[in-house]
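Worksheet for the structure shown next.
For this chain, numbers begin at 1 and follow the sequence in order.
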Amino acid sequence: MANDREILREIWEGKIPVHFKLSADETDVEPEEYFLLIPRLSYFPLVTDKVRKHFLRFVSNELQDGEMWMDSNGTPLKWHFPIGVLYDLLVGTDGTLPWHVTVHFSKFPDDILIRCPNKEIVEAHFMSSLKEADVLKHRGQVVSAMQKKDHNQLWLGLVNDKFDQFWAVNRRLMEPIPDQDGFKHIPVRCYAEDGTYQQKLVAPSTASGQKRLLQDLLDDFSTPVRKAVEARTHGVTVPESTPLQWLSEHLSYPDNFLHLCLSYA
């Protein structure tokens, strides 16, 4: 299981300073901007209640019940992507901080974004991803053996940004399959520069038992036209020699997926 606890905590404590401003289309005044330091591992609907409350004071009555959505340099932010994934995709490792995000209460882009009227929607999405990851890793046997209180502890650990609370349960999801040296498959989503992602069945070892490395995964996601040359996650470029099993145990997001932003040649 994941045993480099210092690395796990460093990943958990990763945060991004964000500068929120209200779209000029929403108001006739110039409202005070808003700044937050938000967890990379979380989702925007879980950390922006104060942002909504702040900017609602400056919009008209007819927009008070509008669903808040955000964009980064004109690109709508998909709330069901973890915050760190969005930042790595849209800003990258060379971006300046704070991250500039524009807030809207009108003209919701239904053709791009999924609506999120409440946090229960986020919880359902998170638990669905977690269960999918466990199917890939353990054929679903770990999550199905958990009690409702364990699911709640995972969710509340994420919502309340409590490392120990979350990992007291999540460590079970990082145990290798009995009599094996790893998972059945690695839950991974590889993102292209345009924000689309692919999933494939990725084994942590070869048939002969040799550990597969990040370089092997880059080869898997290369095409005859484009070669995947680099993978980023949590704001860092991952060395090609890193074993996939170690990556999955230590650099996965709370949904238990590795979210890798790929660069292509």
Practice task
Consider only side-chain heavy atoms of I, L, V, M, F, W and Y, link residues closer than 4.5 Å, and tell whether Trp69 and Phe20 are in one cluster.
Solution key: no

Fill in the blank from the handout: CH2 of Trp79 to CZ of Arg115, rounded to nearest 0.5 Å, is 13.0 Å

Exercise for the section: Determine yes or no for a side-chain-to-main-chain donor-acceptor pair under 3.5 angstrom, with Ser144 supplying the side chain and Gly140 the backbone. Expected result: yes

Fill in the blank from the handout: side-chain hydrogen bond (donor to acceptor under 3.5 Å, both in side chains) with Glu33: of Lys21, His19, His100, only one passes, and it is His19

Problem - Joint hydrophobic cluster, Ile177 plus Met146, side-chain heavy atoms closer than 4.5 Å - result: no

Handout entry: Under 3.5 Å: donor-acceptor pair, side chain of Asn160, backbone of Gly157
Key = no

Problem - Asp88, Ile83, Thr233, Ile11 screened by side chain to side chain contact (heavy atoms under 4.5 Å, CB included) with Arg40, the one that passes - result: Asp88

Problem - Residue pair His138, Phe183: steps toward the ring-ring contact (aromatic ring centres under 6.0 Å, His included) verdict - result: CA-CA 7 Å; His138 307 106; Phe183 305 139; 5.4 Å; yes

Practice task
Evaluate the ring planes of His250 and Trp246, with Trp represented by its six-membered ring, and classify them as parallel (under 30°), tilted (30 to 60°) or perpendicular (over 60°).
Solution key: parallel

Exercise for the section: Taking all heavy atoms of Leu217 and all of Cys190, pick out the closest pair and write down the distance. Expected result: CD2-SG, 3.7 Å

Practice task
Have a look at His54 and tell me which of Arg57, Arg52, Lys50 forms a side chain to side chain contact (heavy atoms under 4.5 Å, CB included) with it.
Solution key: Arg57

Problem - Within one Ile-Leu-Val-Met-Phe-Trp-Tyr cluster: Met70 and Ile112, side-chain cutoff 4.5 Å - result: no

Exercise for the section: Quick one: pull up CD in Glu62 and CZ in Phe105 and give me the separation to the nearest 0.5 Å. Expected result: 13.0 Å

Handout entry: CG-NZ distance between Leu173 and Lys131, expressed to the nearest 0.5 angstrom
Key = 12.0 Å

Problem - Considering all heavy atoms, the nearest Ser222-Ala228 contact - result: OG-N, 2.9 Å

Handout entry: Cation-pi geometry met for Lys200 and Phe221 (6.0 Å, 45°)
Key = yes

Handout entry: hydrophobic_cluster_shared for Val29 and Val103, side chain cutoff 4.5 Å
Key = yes

Handout entry: Side-chain ion pair, Lys137 and Glu249, N-O less than 4.0 Å
Key = no

Practice task
Could you pull out the closest heavy-atom pair between Phe126 and Tyr43, with the gap in Å?
Solution key: CD1-OH, 3.9 Å

Handout entry: Carboxylate-amine/guanidinium proximity below 4.0 Å for Arg9 and Asp164
Key = yes

Handout entry: Ring centers of Phe81, Tyr191 separated by less than 6.0 Å
Key = yes

Practice task
Before accepting this row, confirm whether a basic side-chain N of the pair Arg5/Glu10 lies closer than 4.0 Å to the acidic partner's carboxylate O.
Solution key: no

Exercise for the section: Could you pull out the closest heavy-atom pair between Phe166 and Leu158, with the gap in Å? Expected result: CD1-N, 4.2 Å

Exercise for the section: Before giving the answer on salt bridge (Lys or Arg N to Asp or Glu O under 4.0 Å), spell out for Lys211 and Asp216 the whole-Å C-alpha distance, their side-chain angles and the decisive distance to 0.1 Å. Expected result: CA-CA 10 Å; Lys211 290 183 178 180; Asp216 299 313; over 6 Å; no

Handout entry: Distance-minimising heavy-atom pair for Ile186 and Ala203
Key = CG1-C, 4.4 Å

Fill in the blank from the handout: Between His234 and Leu251, the two heavy atoms sitting closest are NE2-O, 2.7 Å

Practice task
Apply side chain to side chain contact (heavy atoms under 4.5 Å, CB included) to Phe58 and Glu30, showing your working.
Solution key: CA-CA 8 Å; Phe58 302 99; Glu30 187 171 344; over 6 Å; no

Practice task
Verify whether one side chain among Arg212 and Thr206 offers a donor that lies under 3.5 Å from an acceptor in the other.
Solution key: no

Exercise for the section: Please report the C-alpha distance between Gln153 and Gln165 in whole Å, then the side-chain angles of each, then the deciding distance to 0.1 Å, and finally whether the side chain to side chain contact (heavy atoms under 4.5 Å, CB included) criterion is met. Expected result: CA-CA 7 Å; Gln153 184 167 335; Gln165 181 181 16; 3.6 Å; yes

Problem - Steps toward side chain to side chain contact (heavy atoms under 4.5 Å, CB included) verdict (Leu244, His185) - result: CA-CA 10 Å; Leu244 293 179; His185 295 101; over 6 Å; no

Exercise for the section: Go through the steps to decide whether Arg139 and Asp134 satisfy the test salt bridge (Lys or Arg N to Asp or Glu O under 4.0 Å), and finish with yes or no. Expected result: CA-CA 6 Å; Arg139 303 183 181 89; Asp134 190 49; over 6 Å; no

Practice task
Find out if a path of hydrophobic residues (ILVMFWY) with successive side-chain heavy-atom gaps under 4.5 Å connects Phe108 to Ile121.
Solution key: no

Exercise for the section: Could you check whether the rings of Tyr34 and Phe55 sit parallel, tilted or perpendicular, using 30° and 60° as the cut-offs? Expected result: perpendicular

